[in-house]
Visitor: 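Sharing a structure with you now.
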Amino acid sequence: MLSAKTIEIVKSTAPILEMRGKEITTTFYRNLFVKHPELLNIFNHANQEKGRQQTALANTVTAAAHYIDKLEVLLPVVKQIAHKHRSLAIKPEHYPIVGENLLEAIKEVLGEAATDEIIGAWAEAYGAIADVFIAVEKEMYEEVQEAAGGWADYKDFIVMDKVRESENITSIVLKPADGQALPEFKPGQYMTIRMTIPGEQYLMNRQYSLTCSPNREYYRISVKKELLESSPDGKVSNYLHTQLKVGDRLEVTAPAGDFTLNVMESEPVYFIAGGVGITPFMSMLHTLSERNPERKAVLKHAVKNEQVQPFKEEIKQLAQRLSNFEALFYMSDDKRKMTSEDLQGLDPSGIYYVCGPAGFMNFAVSSLRDAGISEDRIHHEFFGPAMQLEESK
Ligand code: FAD
């Protein structure tokens, strides 16, 4: 239990930390990696370069400070982050290292304004927040370890197949190297894959959504090759596309994530995808086709053009198995871009899943809100560190 004094200090200093949040977290990560370079095996370097990880941490710290006397309010957000931590094999022993360096960064950025009393209060508060994460993650580790076929941390998998789905998306089929049966997963979940890439000093890991239905034999992921003229080529996705071969090994963590669909429920379900954001929906659609093929399902997929549109044939086959299914495609190059009108007049009793690039998600979620879909019916997943959508108007 935190004392009333500690709570008061944390709350009253939270706005300063919020204002200087990005500076503090940037200083924090810089110092952390100098002192603990081994952690570069865990963190996504591109998220650091782009400042996305710093923003995510700053948002988490600010939210935690705000709700320090009722941390239970944050449980849904904590769970989402804890899924990612479990998927990255983050352990309790990482928390004190982060805490120590975060407090040092606060001192470094705020200088004399960070009195011993303030730092003491924040140290206590960090301890309380870390305890919540550690407890939630402990349960998650126990759950995957106890599941039939489950495992904690990483396990070796072998690449069984690579299938080109479009000009820039390739699916990779993986089976466990030990030949054991796999644990069940929930459609919409992702897993982390880890590998050594020639020329890279540290291990690289990335999350990929599963694109098959739950089964005990194999996993399938579908990866977009990240190539942008204005920024460096994506390291892992390019490696997976151009160098990874059938027969190679990858390390994989057990499926995680709470962007999932209970296929047995009956309300209509709408999948709204931008580009590669269709991947979690492929697993959901396959699972629906196997377990509840009469449920109403609508897929709205926005892509640039037909060349980069994945799963064309597969979606046609799904349409034959799903008796109440509609798939609509929008191509921005052909002046058939998805607009907010395409997200109006939809069933308010439906459940909505949105996944795609940040700009697309902001557009789709705000269009749904404007169309009168209530907040609790809209679920979204971002393919990066925890993201805050723009506030509802
Ligand atoms: P990175 O090297 O990580 O680079 C990412 C982007 O940042 C690139 O566009 C790159 O150009 C840019 N960049 C890198 N360095 C800099 C810099 N210094 N300055 C500016 N820009 C820079 N991806 C999929 O393809 N399919 C999926 O199903 C999928 N599911 C996901 C599920 C979840 C829950 C999450 C969190 C992510 C998912 N992703 C998915 C994204 C995936 O994890 C990777 O982020 C993606 O493949 C890019 O990784 P990369 O190593 O190729 O690119």
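Whatever order the structure lists ligands and atoms in, that order sets their numbers, starting from 1.
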Visitor: With a 4.5 Å limit on heavy-atom distance, are the side chains of H66 and E18 in contact?
Guide: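 Not in contact.
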Visitor: When you compare the side chains of Y270 and K300, does any donor N or O come within less than 3.5 Å of an acceptor on the partner?
Guide: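 No pair is found: no donor N or O on one side chain lies under 3.5 Å from an acceptor on the other.
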Visitor: Under 3.5 Å, N or O to N or O, is K84 touching ligand 1 that way?
Guide: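 Among all N and O atoms of K84, none is under 3.5 Å from an N or O of ligand 1.
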Visitor: Please report the C-alpha distance between E49 and K235 in whole Å, then the side-chain angles of each, then the deciding distance to 0.1 Å, and finally whether the salt bridge (charged side-chain N to carboxylate O under 4.0 Å, His left out) criterion is met.
Guide: CA-CA 13 Å; E49 303 273 352; K235 286 205 174 125; over 6 Å; no
Visitor: Tell me the contacting part of H45 for ligand 1: side chain, backbone, both, or neither, using a 4.0 Å heavy-atom threshold, strictly below.
Guide: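 The answer is neither.
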Visitor: Quick one: which ligand 1 atoms are inside 4.0 Å of a heavy atom on S231?
Guide: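 Per the distance check, 11 (O), 21 (N).
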Visitor: Are any of the heavy atoms in M204 under 4.0 Å away from ligand 1?
Guide: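 M204 does not count as a contact of ligand 1 under the 4.0 Å cut-off.
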Visitor: Below 4.0 angstrom from a heavy atom of E49, which ligand 1 atoms are there? Numbered from 1 as shown, please.
Guide: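 Numbered from 1, ligand 1 contributes 17 (C), 18 (N).
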Visitor: Should the proximity of Y190 to ligand 1, defined as any heavy atom under 4.0 Å, be assigned to the side chain, the backbone, both, or neither?
Guide: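 Within the 4.0 Å criterion, Y190 contacts ligand 1 through side-chain atoms alone.
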Visitor: Run the numbers for me: atoms of ligand 1, each under 4.0 Å from some heavy atom of E226, listed by number.
Guide: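 Under 4.0 Å from E226, ligand 1 has these atoms: 9 (O), 48 (C).
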Visitor: Just jot down the ligand 1 atoms closer than 4.0 angstrom to any heavy atom of E381, in number order.
Guide: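 Atoms satisfying the 4.0 Å criterion: 34 (C).
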Visitor: We want to know whether H286 and E314 form a side-chain donor-acceptor pair, criterion being a heavy-atom distance below 3.5 angstrom.
Guide: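 Judged by distance alone, the side chains do pair up.
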Visitor: What is the ring orientation for F43 with F33, classed by angle as parallel under 30°, tilted 30 to 60°, or perpendicular over 60°?
Guide: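 Perpendicular.
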Visitor: I need the atoms of ligand 1 closer than 4.0 Å to a non-hydrogen atom of V223, numbered in the order shown.
Guide: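 So the answer, numbered in order with elements, is 25 (O).
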Visitor: Looking only at protein heavy atoms, which one is nearest to atom 2 (O) of ligand 1, and what is the separation?
Guide: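 That would be K235 N, 3.0 Å.
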Visitor: Should the proximity of V236 to ligand 1, defined as any heavy atom under 4.0 Å, be assigned to the side chain, the backbone, both, or neither?
Guide: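 The answer is both.
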Visitor: Answer side chain, backbone, both or neither: which part of K50 comes under 4.0 Å from ligand 1, heavy atoms only.
Guide: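 It is the side chain that gets close, since no backbone atom is under 4.0 Å.
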Visitor: What protein heavy atom sits nearest atom 5 (C) of ligand 1, and how far away is it?
Guide: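 For this ligand atom, the closest protein heavy atom is A46 CB, 4.0 Å.
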Visitor: Do E124 and T6 have a side chain donor and acceptor closer than 3.5 Å?
Guide: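 A donor-acceptor contact under 3.5 Å links the two side chains.
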Visitor: Could you tell me whether E267 and R377 have a side-chain N and a carboxylate O separated by less than 4.0 Å?
Guide: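 Counted as a salt bridge, because a side-chain N and a carboxylate O are separated by less than 4.0 Å.
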Visitor: By number and element, which atoms of ligand 1 are closer than 4.0 Å to a non-hydrogen atom of T279?
Guide: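 Close to T279: 27 (C), 28 (O).
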Visitor: For atom 49 (O) of ligand 1, which protein heavy atom lies nearest, and how many Å away is it?
Guide: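 For this ligand atom, the closest protein heavy atom is R206 NE, 3.4 Å.
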Visitor: Output the distance between atom OG1 (T339) and atom NZ (K337), rounded to the nearest 0.5 Å.
Guide: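 Between T339 OG1 and K337 NZ, I get 9.5 Å after rounding to 0.5 Å.
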Visitor: If hydrogens are left out, which of S237, S171, S209 has an atom nearest to atom 52 (O) of ligand 1, that is, the closest non-hydrogen atom?
Guide: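 Looking at heavy atoms only, S237 sits closest to atom 52 (O) of ligand 1.
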Visitor: Quick one: which ligand 1 atoms are inside 4.0 Å of a heavy atom on L228?
Guide: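 Per the distance check, 9 (O).
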Visitor: Taking V269 as the fixed residue, which of L288, N262, V298 is the one that meets the side-chain contact (heavy atoms from CB on, under 4.5 Å) rule?
Guide: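 Among L288, N262, V298, the one meeting side-chain contact (heavy atoms from CB on, under 4.5 Å) with V269 is L288.
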Visitor: Pick, from P232, P310, G275, the option with the minimum heavy-atom distance to atom 8 (C) of ligand 1.
Guide: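 It is P232 whose heavy atom sits nearest to atom 8 (C) of ligand 1.
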Visitor: For ligand 1, which atoms, with element, lie under 4.0 Å from some heavy atom of V276?
Guide: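 Those atoms are 24 (C), 25 (O), 26 (N).
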Visitor: Minimum heavy-atom separation for M160 and L174, please, with both atom names.
Guide: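 Result for this residue pair: CG-C, 4.3 Å.
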Visitor: In a check of ring pair (Phe, Tyr, Trp, His ring centres under 6.0 Å) between F259 and each of F271, F382, F383, Y353, which one passes?
Guide: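 Of the listed options, the one satisfying the test is Y353.
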Visitor: Is it the case that ligand 1 has an N or O less than 3.5 angstrom from some N or O of D233?
Guide: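 It does not: no N or O of D233 is found under 3.5 Å from an N or O of ligand 1.
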Visitor: For atom 38 (C) of ligand 1, tell me which residue out of R52, H241, Q207 has the closest non-hydrogen atom.
Guide: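 Minimum heavy-atom distance to atom 38 (C) of ligand 1 goes to Q207.
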Visitor: Using a distance-only test with no angle check, is there a side-chain donor-acceptor pair under 3.5 angstrom linking S171 and S222?
Guide: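 Yes - a donor-acceptor pair under 3.5 Å links their side chains.
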Visitor: What's the separation between atom CG in L261 and atom CD1 in I351, rounded to the nearest 0.5 Å?
Guide: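 So the gap between those two atoms works out to 7.0 Å.
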Visitor: Determine, for Y141 and K91, whether the Lys NZ or Arg CZ falls below 6.0 Å from the six-membered ring centre while staying within 45 degrees of the axis.
Guide: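 Yes, a cation-pi geometry holds between K91 and Y141.
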Visitor: Hey, does Y208 come in under 3.5 Å of ligand 1, counting only N/O atoms on both sides?
Guide: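 There is such a contact, yes.
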Visitor: Nearest protein heavy-atom contact for atom 53 (O) of ligand 1: which residue, which atom, what distance?
Guide: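 Nearest neighbour among protein heavy atoms for atom 53 (O) of ligand 1, to 0.1 Å: G234 CA, 3.1 Å.
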Visitor: Which part of S222 is near ligand 1, with near meaning a heavy atom under 4.0 Å away: side chain, backbone, both or neither?
Guide: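 The answer is the backbone.
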Visitor: Starting from atom 29 (C) of ligand 1, find the nearest protein heavy-atom neighbour and note its residue, name and distance.
Guide: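 Ranking protein heavy atoms by distance from atom 29 (C) of ligand 1, first comes F383 CE1, 3.4 Å.
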Visitor: Counting only heavy atoms, which portion of K224 has something under 4.0 Å from ligand 1: side chain, backbone, both, or neither?
Guide: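 Near ligand 1, K224 shows its backbone as well as its side chain.
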Visitor: Between N215 and S213, is there a side-chain donor-acceptor contact under 3.5 Å, judged purely by atom types and distance?
Guide: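 Their side chains do not contain a donor-acceptor pair, so the 3.5 Å distance test is not met.
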